[in-house]
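Only heavy atoms go into these numbers, but all of them, side chains included; no hydrogens, no water, no symmetry mates.
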Amino acid sequence: MRETYDEYQAASRLRVSVAAWRWAAASRAVPAADAGPGLWSRAVVESTDAEAVRAALPGPAGAWWAAERLTAALGDPLPRCRPRVTPAAIGHLVRAGLLAYLGGDPAHPDVHPDQVAALARRRDLPALLDRHVPLGPDQAAVRLGVRRTDFDQVVRLGWLTPTGTVDIDYKRHGGVTTVPLYSAQDVALLPVTRPAVDWHALRTVPAGHRSPLAALTPTDPADDVVLLAEAARIAGVGRATVANWRRHHPDFPAPAGGTTAHPTYTRSAVVAWLLAHDKITAPTTLPTATLELRPTGAARRRFQLWDPRIELNDDPAGEDRLTGWTTDDDADTLAALTAADASVSRLTAPGTAPLAVPGDIRVTDRSRPGAGGLRVALAWPSRLRGHAARTLSGGLVRHALPYHAPGADCRCAQQSCGGIIPTPYCTEHGRAAEPAMEWHPAGGIRCTHLTRPVATPA
């Protein structure tokens, strides 16, 4: 009589599918293999409830379904610079131990739908994909947000090297082709480790134009060195901070050349040290701006712009400008709302305090640069721009512009520069009445006093 069983023999003994037994073993529904690697004793197999094993697996999910489920978890629409999850990525996640292999082609395996759903709910899913799933050249270009020709220049310059290869059978289109694979984490780190490159310009270069990287000369990785100042730019700190790290950390990379006063270090060694000490991390997404528009007589609408670029004009007679990547549907809605004289109730973008603009917003440009996707530009008169008030009712802080709300029964609190702060305060009534802020059709804010008394400030 058989005394040990492998996964196929155990499944046959219980008359369940091999996938069901594999899931039972992966989920600890059956004891761990006790008779050797991948082998179970007869006592364990005979004591296992076959019905429980069948019930634990509602049906293996194919790699295509799992890939679509994880892609949907990344966001709808898919965030800019985030490639779709492919069935091959499911194989990498299985090999990384994040999903259990239940059968099928190991490169595109069957997995458990509940385990895929649990992985899709993880907040660190983008980081997990970057860490464990390599990218082909086309996917790497998407992850970096550039054209394929620009990514080829990155490889030519020696900034990235393949971590592996995969053979793809294109059948009628040339047969089997060997495609290099690149670490997604290394690709995502490039804007951090190469701060001298204007990545915004590279991502928005028009189609058909020569790559800005084509003029650069390749550098051997051993000769790619940085000064402490460049290391500080990579880490986003001052040079003195990096010098302090060098003094207090014995494992800081040794100089590769230079002088005593200005030593140089191999870039790869500096980057590896910064990563190991959590001084830098691979960005999982592009920075975003949140734009809240308030149409006249309608509810607020919120939009997201990826990789925003905001230009604020110091001249009140000039214009402010905001550009960012968006979707076709959002661009159409933005154009319709701005044409109807909507106001910006709040604009939150990296590098500036929350802004607000009472009307006169317009879409000035919609374009598709060579990297693909839709980039939209909005503009408004600089004289209307202000800071969004930090109150529950919202509002606008206008500077250098004396203001009296039309139809209001009092003047709002004045700034020393002559601007206003539409907060629950009135120079005439103090805080005896709490005003609610609402947009006035003529521009600006109307103060409508409520009757709820509040404490008068000392």
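- A search for salt bridge (Lys or Arg N to Asp or Glu O under 4.0 Å) contacts involving R122 returns D124, not counting sequence neighbours.
- Annotation: the span from D224 atom CG to T266 atom OG1 amounts to 8.5 Å, rounded to 0.5 Å.
- The pair R368-D328 meets the salt-bridge criterion, with a side-chain N (NZ, NE, NH1 or NH2) lying under 4.0 Å from an Asp/Glu carboxylate O.
- Between H249 and W273, the ring-plane angle classifies as perpendicular under the 30° and 60° cut-offs.
- Residues L181 and P162 fail the side-chain proximity criterion, which asks for heavy atoms closer than 4.5 Å.
- Ion pair R294/D341 not flagged as a salt bridge, since none of the NZ, NE, NH1 or NH2 atoms sits closer than 4.0 Å to an Asp/Glu carboxylate oxygen.
- If you check the side chains of W380 and D320, you find a donor sitting under 3.5 Å from an acceptor.
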After noting the C-alpha distance and the side-chain angles of R375 and T323, does the key distance pass the side chain to side chain donor-acceptor pair (under 3.5 Å) rule?
CA-CA 7 Å; R375 194 162 183 88; T323 61; 3.3 Å; yes
N/O donor to acceptor pairs below 3.5 angstrom from side-chain atoms of residues 86-97, sequence neighbours left out:
unit_1 : atom_1 : unit_2 : atom_2 : d
T86    : OG1    : A89    : N      : 3.3
H92    : ND1    : R95    : NH2    : 3.3

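- Applying the salt bridge (Lys or Arg N to Asp or Glu O under 4.0 Å) test to residues at least two apart or on different chains, the pairs with a partner in residues 63-80 are E68-R84.
- Partners of R123 under the side-chain contact (heavy atoms from CB on, under 4.5 Å) rule, at least two apart in sequence or in another chain, do not exist in this structure.
- Taking the salt bridge (Lys or Arg N to Asp or Glu O under 4.0 Å) definition, one finds that R143 meets it with D130, sequence neighbours left out.
- Contacts of D186 classified as salt bridge (Lys or Arg N to Asp or Glu O under 4.0 Å), with partners at least two apart in sequence or in another chain: none.
- Taking the charged nitrogens against the carboxylate oxygens, D332 and R366 do have a contact shorter than 4.0 Å, which makes a salt bridge.
- At distances below 3.5 Å, not a single donor-acceptor pair connects side-chain atoms of T264 with backbone N or O atoms of V225.
- Residues satisfying the side chain to side chain donor-acceptor pair (under 3.5 Å) criterion with W325, sequence neighbours excluded, are absent altogether.
- Contact check for R267 versus V270: no side-chain heavy atoms found under the 4.5 Å cut-off.
- Atom-to-atom distance recorded for D360:CG and T338:OG1 is 10.5 Å, nearest 0.5 angstrom.
- For the atom pair T71 OG1 and L125 CG, the distance stands at 9.0 Å (nearest 0.5 Å).
- Applying the ring-ring contact (aromatic ring centres under 6.0 Å, His included) test to residues at least two apart or on different chains, the pairs with a partner in residues 121-161 are F151-Y182.
- Atom OG in S183 sits 8.5 Å away from atom CG in L160 (nearest 0.5 Å).
- Taking the salt bridge (Lys or Arg N to Asp or Glu O under 4.0 Å) definition, one finds that R131 meets it with nothing, sequence neighbours left out.
- What you find for R203 and G145 is that their closest heavy atoms are CG-O, 3.1 Å.
- Side chain of R321 to main chain of A379: no donor-acceptor pair is present (N/O by atom type, distance under 3.5 Å, no hydrogens or angles).
- Nearest heavy atoms, P137 versus P180: CD-O, 3.4 Å.
- Each of L347, T348, L355 was compared with L291 under the side-chain contact (heavy atoms from CB on, under 4.5 Å) criterion, and only L347 meets it.
- Rounding to the nearest 0.5 Å gives a distance of 13.5 Å between CD of Q139 and CG of L144.
- Taking the side chain as every heavy atom from C-beta outward, L119 and L99 approach each other to under 4.5 Å.
- Crowding of R301 atom CZ: a count of heavy atoms from other residues, nucleotides or ligands under 6.0 Å not exceeding 12.
- Judged as a side chain to side chain donor-acceptor pair (under 3.5 Å), and not counting sequence neighbours, D315 has no contacts.
- Sorted by first and then second residue, the salt bridge (Lys or Arg N to Asp or Glu O under 4.0 Å) pairs involving residues 268-283 (not counting sequence neighbours) form an empty list.
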Determine whether W199 and D307 satisfy the following criterion, side chain to side chain contact (heavy atoms under 4.5 Å, CB included), listing intermediate values before the conclusion.
CA-CA 10 Å; W199 292 99; D307 193 23; over 6 Å; no
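- The salt bridge (Lys or Arg N to Asp or Glu O under 4.0 Å) contacts involving residues 234-250 comprise nothing, where partners must be two or more places apart or lie in separate chains.
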Steps toward side chain to side chain contact (heavy atoms under 4.5 Å, CB included) verdict (D365, V376)
CA-CA 6 Å; D365 184 45; V376 65; over 6 Å; no
As a quick check of understanding, evaluate side chain to side chain contact (heavy atoms under 4.5 Å, CB included) for T352 and L312, giving each step before the final call.
CA-CA 10 Å; T352 184; L312 302 180; 3.9 Å; yes
Verdict with supporting geometry, D167 and T178, side chain to side chain donor-acceptor pair (under 3.5 Å)
CA-CA 4 Å; D167 291 333; T178 300; 2.8 Å; yes
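- With rounding to the nearest 0.5 Å, the separation of CD in E292 from OG in S343 is 12.5 Å.
- A salt bridge links D152 to R148: one of the charged nitrogens lies within less than 4.0 Å of a carboxylate oxygen.
- Judged by distance alone, with hydrogens and angles left aside, the side-chain atoms of T241 form no donor-acceptor pair with the main-chain N or O of V237 at under 3.5 Å.
- Under the side-chain contact (heavy atoms from CB on, under 4.5 Å) test applied with F303, the options L334, L378, T326 reduce to a single match, L334.
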Show, in sequence, the C-alpha distance, side-chain angles and deciding distance for V242 and F252, and conclude whether the side chain to side chain contact (heavy atoms under 4.5 Å, CB included) test is met.
CA-CA 10 Å; V242 178; F252 193 86; 4.1 Å; yes
